[in-house]
Amino acid sequence: MSQSSTNQGIKFAYWVPNVSGGLVVSTIPQRTDWSLEYNERLALAAEKAGFEYALSQIRFTAGYGAEHQHESVSFSQAILAATTKLKVLAAILPGPWHPAVLAKQIATVDHISKGRIAINVVSGWFKGEFVAIGEPWLEHDERYRRSKEFIEVVKGIWTQDHFTYKGDFYRFNDYTLSPKPLQKPHPEIFQGGSSRAARDNAASVSDWYFTNGNTVEGIKAQVDDIQAKAKANNHKVRIGVNAFVIARDTEEEAKAVLADIIKHAHVEAVHAFGSAVQEAGNASPEREGNWAKSTFEDLVQYNDGFKTNLIGTPRQIAERIVALKAVGVDLVLTGFLHFIEEVEYFGQKVLPIVRELEAAKAAVQETALEAVA
Ligand SMILES: Cc1cc2nc3c(=O)[nH]c(=O)nc-3n(C[C@H](O)[C@H](O)[C@H](O)COP(=O)(O)O)c2cc1C
């Protein structure tokens with residue numbers, strides 16, 4: 001894959017398995033492991049396969065199984081140390097993190113990694129976790145109002161000297177961070193959800209919007225909504241969508257793997273997760289959040305990754321990725337059952353077809369433009 005095609009093409013990220021149990025709430029045997037040693041090997045394999053980003057998770061206590069959870073910033077730093085190209089996204093939860101600590105921490109990691117760190121600001125859906133660590137639990141839209149202030153403040157600290165801010169959640173007085181991050185204007189800021197509040201933050205302050213898996217039509221509706229609002233706000237935002245990828249030589253094999261994952265679902269943990277996520281978008285005024293319409297089967301991949309349907313042969317998957325791009329998706333966030341070997345298979349079998357289809361589409365568009373001119 002040439003560098004230029006990477007730059008123009010849809011981008012790929014993978015979930016860092018920094019929590020135990022892999023990406024599915026299932027007792028199916030998995031070769032994915034949450035150790036640093038496994039993650040270092042995975043990061044190198046992903047970098048080689050053509051992935052540009054790796055996304056860590058932040059969990060303070062078990063949420064969907066995931067009994068053990070490594071912390072996101074320090075784990076991201078370790079992955080950066082093991083790699084040379086990959087950009088690593090550290091997941092950040094306002095509340096536990098104060099923006100002054102985060103801004104300083106990430107500025108330093110940016111220098112150490114030579115400009116390869118980014119953040120994913122998450123707003124919290126898991127009340128039990130907040131209660132366990134003695135953090136006040138805000139109601140849904142207040143959490144997003146705090147995330148918005150958090151992002152505004154972090155951007156301000158990263159880009160301005162003598163930063164002053166008087167918000168409801170954060171106050172800064174003539175504060176100057178030094179050194180500032182290497183990346184200009186600042187490390188990229190991702191933020192996720194699906195509710196009205198999550199989309200409004202994307203349309204006003206985030207560089208990237210992350211959402212759960214969904215159908216192409218479902219994603220299109222979100223993209224259209226966000227991009228119309230972003231345009232009105234004179235703000236630029238890009239879109240990333242989650243997908244659990246099961247790529248196999250035949251469609252039957254891929255579907256059989258999905259059936260097996262669901263057959264072995266950890267029923268108790270899926271139900272507990274299903275109850276906990278009622279605190280997410282279902283607790284928002286419009287009740288349109290990430291998991292508002294998720295079935296039991298959907299929840300077995302805890303970010304609705306089966307719904308995106310990147311399950312089939314390499315060609316079927318590539319075609320569906322190109323269809324996502326056509327409705328305005330800029331990045332596909334991937335999860336896999338047996339991470340290392342499947343990331344390698346994806347790089348060898350799926351990605352080249354995606355680039356082929358993108359090139360063919362670009363050629364058709366160019367011909368059409370020439371005909372018009
Ligand atoms: C791609 C992606 C990654 C996320 N990572 C985390 C995470 O690491 N920790 C966490 O507590 N929440 C995480 N979230 C949850 C979101 O921050 C948010 O709380 C959730 O999507 C509910 O959004 P809603 O209230 O808009 O429906 C993630 C969401 C998405 C889409």
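Each ligand, and each atom within it, is numbered from 1 in the order the structure gives. The residues of the chain are indexed from 1 along the displayed sequence.
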Sidechain N-carboxylate O distance under 4.0 Å for D207, R238: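 No.
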K180 bridged to D161 by N-O distance under 4.0 Å: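 Judged by the 4.0 Å cut-off on N to carboxylate O distance, K180 and D161 do form a salt bridge.
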Heavy-atom nearest neighbour of atom 29 (C) of ligand 1 within options N303, V121, V122, L55: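 Among N303, V121, V122, L55, the closest heavy atom to atom 29 (C) of ligand 1 belongs to N303.
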Selection from W125, W15, Y144 by shortest heavy-atom distance to atom 23 (O) of ligand 1: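 Among W125, W15, Y144, the closest heavy atom to atom 23 (O) of ligand 1 belongs to Y144.
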Heavy atom of the protein closest to atom 21 (O) of ligand 1 (residue, atom name, distance):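 Checked against all protein heavy atoms, atom 21 (O) of ligand 1 sits closest to N290 ND2, 2.3 Å.
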Heavy-atom contacts under 4.0 Å between [X] and ligand 1: side chain, backbone, both, or neither?
{"X": "S195", "answer": "both"}
{"X": "V277", "answer": "neither"}
{"X": "F126", "answer": "neither"}
{"X": "N242", "answer": "neither"}

Which atom of I340 lies closest to which atom of A45, heavy atoms considered: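 Result for this residue pair: CG2-CB, 4.3 Å.
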Atoms in ligand 1 flagged as close to T211, the criterion being non-hydrogen separation under 4.0 Å: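 Within the 4.0 Å cut-off of T211, ligand 1 contributes 31 (C).
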Sub-4.0 Å atoms of ligand 1 with respect to non-hydrogen atoms of F210: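 Answer, ordered by atom number: 1 (C), 31 (C).
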